[in-house]
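Computed from heavy atoms alone, side chains included, the values below leave out hydrogens, waters and symmetry copies.
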Amino acid sequence: MLVSAKIIMICGSGSGSPVVRDPSGDLQRVESIIDKDRAARLLAADLAADAFLMLTGVVAVHLD
């Protein structure tokens with residue numbers, strides 16, 4: 001139904017480990033904190049998304 005309406009949903013979670021390529025081209029795990037909200041915003045901007053929704057089960061949301 002969403003595909004026929006030309007709607008694409010991209011969902012993500014906070015699992016996984018950040019990696020970088022070392023000089024030999026191998027992936028190496030690095031210590032890092034991934035700002036998932038910022039990453040989602042940048043992805044939406046790069047895709048020129050018509051809408052950007054952030055859904056949460058959190059009782060209260062803090063704005064800058």
Distance-only donor-acceptor hits, side chain of residues 37-46, under 3.5 Å, sequence neighbours excluded:
none

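Chaining together hydrophobic side chains whose heavy atoms lie under 4.5 Å apart places F52 alongside M54. Counting Ile, Leu, Val, Met, Phe, Trp and Tyr side chains that sit under 4.5 Å apart, directly or through other members, V59 stands alone, with no cluster partners. Think of V19 as one node in a network of Ile, Leu, Val, Met, Phe, Trp and Tyr side chains linked at under 4.5 Å; its network also takes in L27.
Here OG of S17 is found 8.5 Å from CD of E31. Values are rounded to the nearest 0.5 Å.
No path of Ile, Leu, Val, Met, Phe, Trp and Tyr side chains, each step under 4.5 Å between heavy atoms, connects I8 with V3, placing them in separate hydrophobic clusters.
Residues passing the side chain to side chain contact (heavy atoms under 4.5 Å, CB included) test with P23, sequence neighbours excluded: none. Partners of S24 by side chain to side chain donor-acceptor pair (under 3.5 Å), not counting sequence neighbours, listed by chain and number: D22, D26.
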